[in-house]
Asks: 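Can you keep this structure in mind? I'll have questions shortly.
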Amino acid sequence: MNSLQHLTEQEELLRLEYETEKRDFEELSRQIGIQRRIRQGKCWYPVGGGRTFYNSLNQLCFEVVNEATTTNESTSADALPEHEFEPGKPVVFFHADSEEDRPLFWGWSCQISRVDGVRMLVTIPGIHAAEVLRDYARLGQLGIQLAFDATSHRVMREAISTIKNTDNAKTRHLREVLLGTEKPTFRTEQPIHFPWLNPSQEKAVMKVVCAREVAIVHGPPGTGKTTTLVEAIGETLKRETQVLVCAQSNAAVDWIAEQLLARGISVLRVGNPMRVSDSLLEATYERRYESHPDYLDLWAIRKAERETLAKLSSRHCSATERHAAQNHLSKLRSRKTELEIRINEELFAQSRVIACTLIGTASRVLERRHFSTLFIDEAAQALEAACWAAILKADRVILAGDHCQLPPTIKCIEAQRKGLDKTLMETVAKGKPECVELLTTQYRMHQDIMQFSSDWFYHGQLQAAPEIARRSILELDSPLVWVDTALLGFEEQQTPLSQSRINTSEGLLLMKTLRDYIRQMGVERILNDRIDFGIISPYKSQVQLLRKLVKQSSFLKPFVRQITVNTVDGFQGQERDVILISMVRGNDEGRIGFLNDLRRMNVAITRARMKLFILGDTTTLAHHPFYKKLIEHVAEHGKMSVVEPEEP
């Protein structure tokens, strides 16, 4: 298959994904009542109004408050259902139809800027600002829910169309190197030695420096991918004035941006950062814009523009006054444009790194900007089409990530089966292996925890750094324990509101396992040494159960700040001293469903530094060769254990 055929296929798979997402959203909107959406974490109702203001980009910002805690005195903020609202996601307001328990949507969406507890800040499209302000007084009758995000699909479709039909010689050459038969080329550079990097990291930096079109930094768990990438960006900036750094999610962009700032590299963060640390806030486009010496003048002009527009819309404005106002408005807009261009150009001129999400590269702020080098972090989690949106702005691309960990999230089963979840990084790594540099020394896990992942996913090439290879919490402690539930008769159940699975008995057993190990370590030591714990399950319903059990446990109360409970996806990029995994599945047929995604399981079993507990039914799981091999590995290098469950 040539590059154009490949891209045409991507277009078709993307269309299937778009139609599935749109259909699912429309069915959700049509069939599911408001209260059920609230329980699913997709909706707040009712919402009240907080402050309103215009941000530095002249967008109306509107604060909404989840009033479930005030309308029902028995409900506390902590007791509210977990929600899926995140910065950057589109949301839509609605009026409630009390008789039908169905929402009546406003005909447009806005974007989340920030979420904090029961408060959400959203930015309103300019043409709808007046509508929001007009309806402000009746906010108690309004709700807000996640909206279907057509923007990202539009950006991706346009990117694929552009890359297919480009007449730019450099862009066409890069396309053919990445997807076609043209070979990647490398310049010759004098070797650079970095005493603080290991040999594989050093080779990866040199690969990036020498690549003319593409290089891949393949970073398995705990191998210091971010450290290597930051060093590679630093070396590139010795040769180039400015680079573009992207990732699929806001969280990933924020993480790499913070590391670059810590190195003293000037970063301009475009888009919606999820973290609110002072160091990152000062790097955001909005904050830098507001800090510019010309901003006060611009703010005054924008205010005068709004006042003039209000005057023009007044019924009492005479023809003479209208003519004068229109002339004044023309002058204001001319001066406003002049200041906006000046501020924008100076902000970019002062920054060595421009950081944003892949879809964010289509932002108006980055319009007509081009870069010599693009770095894409966590490239193995991004749809190929999203990568093309960013690649269109660069002459060469550096991909960093691990295609043996979390894949992109695909909702259309047919599109996934036909390969939409195969990323550009994976395609290039398999087709052009000379571009790839594998990081081989890991600094996170005990050797025995690491070894199975190394053998199954990385051809046994990973080595644990000597200082952590045999690190443990307790003397003579096994780093690997499989708590086998096969003889206990635990059965999974499907939750009524979703396709998720839950295993209550296994959840109770996990709580007992955690309590027993805490007693073994000693409460004082855990608190003094700040030993932390991660509880993981591939299933959201099981995660919600486990969070509830942790909150209800008086024994665990002193350690609650040291315990994190989340899905596998929620633990990507994280690590803990002790990890407990609830596998959930238990049935006579050997059905494991979601656990068939081995890349997700690779993430789960590589989060632990010193101790890993896996709770699961070996009879059910051993039907799959991956889990059969994992069980054998634990039996050989760790401990197989069956413990009778007890009530907490």
Asks: Between Ala389 and Val155, which heavy-atom pair has the shortest distance, and what is it?
Replies: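 Nearest pair, atom of Ala389 first, then Val155: CB-CG1, 3.9 Å.
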
Asks: What pair of heavy atoms forms the shortest contact from Val584 to Asn503, and how long is it?
Replies: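 Scanning both residues completely, I find the closest heavy atoms to be O-ND2, 2.8 Å.
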
Asks: Would you find more than 12 non-hydrogen atoms of other residues, nucleotides or ligands less than 6.0 Å from Arg119 atom CZ?
Replies: no

Asks: Do side-chain atoms of Trp388 reach the backbone of Met156 as a donor and acceptor pair under 3.5 angstrom?
Replies: no

Asks: Hey, which of Thr440, Thr223, Asn602 is the one that makes side chain to side chain contact (heavy atoms under 4.5 Å, CB included) with Tyr458?
Replies: Asn602

Asks: When you check the gap from the basic side-chain N to the acidic O, do Asp254 and Arg269 get nearer than 4.0 Å?
Replies: yes

Asks: Hey, does Thr151 have a side-chain heavy atom less than 4.5 Å from the side chain of Pro90?
Replies: no

Asks: At their closest point, which heavy atom of Ile536 faces which heavy atom of Ile579, and how far apart are they?
Replies: CD1-CG2, 3.9 Å

Asks: Does either side chain, that of Asn596 or that of Arg591, offer a donor lying less than 3.5 Å from an acceptor on the other one?
Replies: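 The criterion, which ignores hydrogens and geometry beyond distance, is not satisfied for Arg591 and Asn596.
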
Asks: Drop me the distance from Thr513's OG1 to Ile614's CD1, to the nearest 0.5 angstrom.
Replies: 12.5 Å

Asks: Would you say Glu426's side chain and His403's backbone share a donor-acceptor pair under 3.5 angstrom?
Replies: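 Flag not set: sc Glu426 to bb His403 has no pair under 3.5 Å.
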
Asks: Mind running salt bridge (charged side-chain N to carboxylate O under 4.0 Å, His left out) on Arg114 and Glu86 for me, showing each step along the way?
Replies: CA-CA 7 Å; Arg114 187 174 68 247; Glu86 293 178 0; over 6 Å; no

Asks: Any chance you could lay out the salt bridge (charged side-chain N to carboxylate O under 4.0 Å, His left out) test for Arg600 and Asp569, step after step, and finish with the verdict?
Replies: CA-CA 8 Å; Arg600 276 191 162 79; Asp569 295 52; 2.8 Å; yes

Asks: Less than 4.5 Å apart, any side-chain heavy atom of Leu556 and any of Ile518?
Replies: yes

Asks: Is any side-chain heavy atom of Glu589 less than 4.5 Å from a side-chain heavy atom of His623?
Replies: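 Answer no - side chains too far apart.
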
Asks: Kindly say whether Val550 contributes a backbone atom to a donor-acceptor pair with the side chain of Ser553 at under 3.5 angstrom?
Replies: no

Asks: Compare all side-chain heavy atoms of Val122 with those of Met120 and state whether any distance is below 4.5 angstrom.
Replies: yes

Asks: Would you say Arg444's side chain and Thr606's backbone share a donor-acceptor pair under 3.5 angstrom?
Replies: yes

Asks: Look at the side chain of Gln542 and the backbone N and O of Ser537, then say whether any donor-acceptor pair between them is shorter than 3.5 Å.
Replies: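 A pair under 3.5 Å: no.
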
Asks: Would you name the heavy atoms of Ala252 and Ala247 that are closest together and state the gap between them?
Replies: CB-CB, 3.6 Å

Asks: Any salt bridge between Lys411 and Glu17, counting N to O under 4.0 Å?
Replies: no

Asks: Are the side chains of Ile581 and Leu615 in touch, meaning some heavy atoms are under 4.5 Å apart?
Replies: no

Asks: Would the Phe85 and Trp44 ring centres measure less than 6.0 Å apart?
Replies: yes

Asks: Would you find more than 12 non-hydrogen atoms of other residues, nucleotides or ligands less than 6.0 Å from Gln259 atom CD?
Replies: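 Counting other residues, nucleotides and ligands, CD of Gln259 exceeds 12 neighbours.
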
Asks: So, for Phe626 and Phe452, is the gap between ring centers shorter than 6.0 Å?
Replies: yes

Asks: So which heavy atom on Asp597 is nearest to which on Pro407, and how close?
Replies: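 That closest heavy-atom pairing would be OD2-CG, 3.8 Å.
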
Asks: Run the side chain to side chain contact (heavy atoms under 4.5 Å, CB included) test on Leu621 and Lys628 for me, step by step, so that the C-alpha distance in whole Å, both residues' side-chain angles and the decisive distance to 0.1 Å come before the verdict.
Replies: CA-CA 7 Å; Leu621 296 170; Lys628 183 174 185 294; over 6 Å; no

Asks: For Asp484 and Lys639, run salt bridge (charged side-chain N to carboxylate O under 4.0 Å, His left out): C-alpha distance rounded to whole Å, both residues' side-chain angles, the deciding distance at 0.1 Å, then the answer.
Replies: CA-CA 10 Å; Asp484 187 7; Lys639 177 183 176 183; over 6 Å; no

Asks: Find the distance between CD1 (Ile256) and SG (Cys246) and round it off to the nearest 0.5 Å.
Replies: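 If I round to the nearest 0.5 Å, the distance is 11.5 Å.
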
Asks: Out of curiosity, Lys611 NZ to Arg471 CZ, how far, rounded to the nearest 0.5 Å?
Replies: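 Rounded to the nearest 0.5 Å, the NZ-CZ separation comes to 14.5 Å.
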
Asks: Looking only at side-chain N and O atoms, does Asp516 offer a donor or acceptor that is under 3.5 Å from a partner on Gln520?
Replies: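 No donor-acceptor contact under 3.5 Å links the two side chains.
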
Asks: Can you tell me how far the CE atom of Met583 sits from the OG1 atom of Thr618, to the nearest 0.5 Å?
Replies: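 Nearest 0.5 Å value for the CE-OG1 distance: 11.0 Å.
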
Asks: Run the ring-ring contact (aromatic ring centres under 6.0 Å, His included) check on Phe533 and Tyr517 step by step: do they pass?
Replies: CA-CA 11 Å; Phe533 304 83; Tyr517 196 60; 7.5 Å; no

Asks: Does atom NZ (Lys225) have a neighbourhood of more than 12 heavy atoms from anything else shown, all under 6.0 Å?
Replies: yes

Asks: Give, for atom CH2 of Trp255 and atom CG of Leu280, the distance between the pair rounded to the nearest 0.5 Å.
Replies: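 The CH2 atom of Trp255 sits 11.5 Å away from the CG atom of Leu280.
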
Asks: Between Thr361 (side chain only) and Leu358 (backbone N and O only), is there a donor and an acceptor less than 3.5 Å apart?
Replies: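 Here the side-chain-to-backbone pair exists.
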
Asks: Counting C-beta onward and ignoring hydrogens, is there a side-chain heavy-atom pair between Pro538 and Met601 closer than 4.5 Å?
Replies: yes

Asks: Does a side-chain heavy-atom distance below 4.5 Å link Met610 with His446?
Replies: no

Asks: Can a donor-acceptor pair be found, under 3.5 Å and without considering hydrogens, that links the side chain of Ser109 to the backbone of Val92?
Replies: no

Asks: Between the side chains of Thr564 and Arg576, is a donor N or O closer than 3.5 angstrom to an acceptor N or O?
Replies: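 Yes, Arg576 and Thr564 have a side-chain donor paired with an acceptor closer than 3.5 Å.
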
Asks: Centre of Phe555's six-membered ring, under 6.0 Å away, within 45 degrees of the axis: is that where NZ or CZ of Arg519 sits?
Replies: yes

Asks: So which atom in Ser478 and which in Gly638 form the shortest heavy-atom distance, rounded to 0.1 Å?
Replies: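 In this case the closest contact between Ser478 and Gly638 is OG-CA, 3.3 Å.
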
Asks: Whether Asp532 and Arg609 form a salt bridge (side-chain N of Lys/Arg under 4.0 Å from carboxylate O of Asp/Glu) is what I want to check.
Replies: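 A salt bridge links Arg609 with Asp532.
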
Asks: Ring-plane angle category for Tyr627 and His624, please: parallel below 30°, perpendicular beyond 60°, tilted otherwise.
Replies: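 The arrangement is perpendicular - the two ring planes meet at more than 60°.
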
Asks: How far apart are the C-alpha atoms of Leu595 and Tyr539, what are their side-chain angles, what is the distance that settles it, and do they pass the side chain to side chain contact (heavy atoms under 4.5 Å, CB included) test?
Replies: CA-CA 9 Å; Leu595 300 187; Tyr539 293 94; 4.3 Å; yes

Asks: Distance only, no hydrogens: is a donor on one side chain within 3.5 Å (strictly under) of an acceptor on the other, for Asp617 and Thr485?
Replies: no

Asks: Do Val245 and Asp377 come within less than 4.5 Å of each other through their side chains, counting heavy atoms only?
Replies: no

Asks: Would you give the length of the straight line joining atom CD1 of Ile592 to atom CD of Glu492, rounded to the nearest 0.5 angstrom?
Replies: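 Going from the CD1 atom of Ile592 to the CD atom of Glu492 covers 10.5 Å.
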
Asks: Passes side chain to side chain contact (heavy atoms under 4.5 Å, CB included), Val481 versus Leu612? Steps please.
Replies: CA-CA 6 Å; Val481 176; Leu612 173 62; over 6 Å; no

Asks: Between the main-chain N or O of Val543 and the side-chain N or O of Lys548, is there a donor-acceptor pair closer than 3.5 Å?
Replies: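 Judged by distance alone, no pair lies under 3.5 Å.
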
Asks: Within 45 degrees of the ring normal and closer than 6.0 Å to the centroid, is that where the cationic atom of Lys22 sits relative to Tyr18?
Replies: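 Lys22 over Tyr18 ring: no.
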
Asks: Do you see a donor-acceptor pair shorter than 3.5 Å between the side chains of Arg607 and Gln574?
Replies: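 Their side chains do not contain a donor-acceptor pair, so the 3.5 Å distance test is not met.
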
Asks: May I have the step-by-step check of side chain to side chain contact (heavy atoms under 4.5 Å, CB included) for Gln145 and Phe25, ending in yes or no?
Replies: CA-CA 11 Å; Gln145 78 160 48; Phe25 176 77; 3.5 Å; yes

Asks: Say whether, by atom type as modelled, one donor and one acceptor occur between the side chain of Ser454 and the main chain of Leu462 under 3.5 angstrom.
Replies: yes

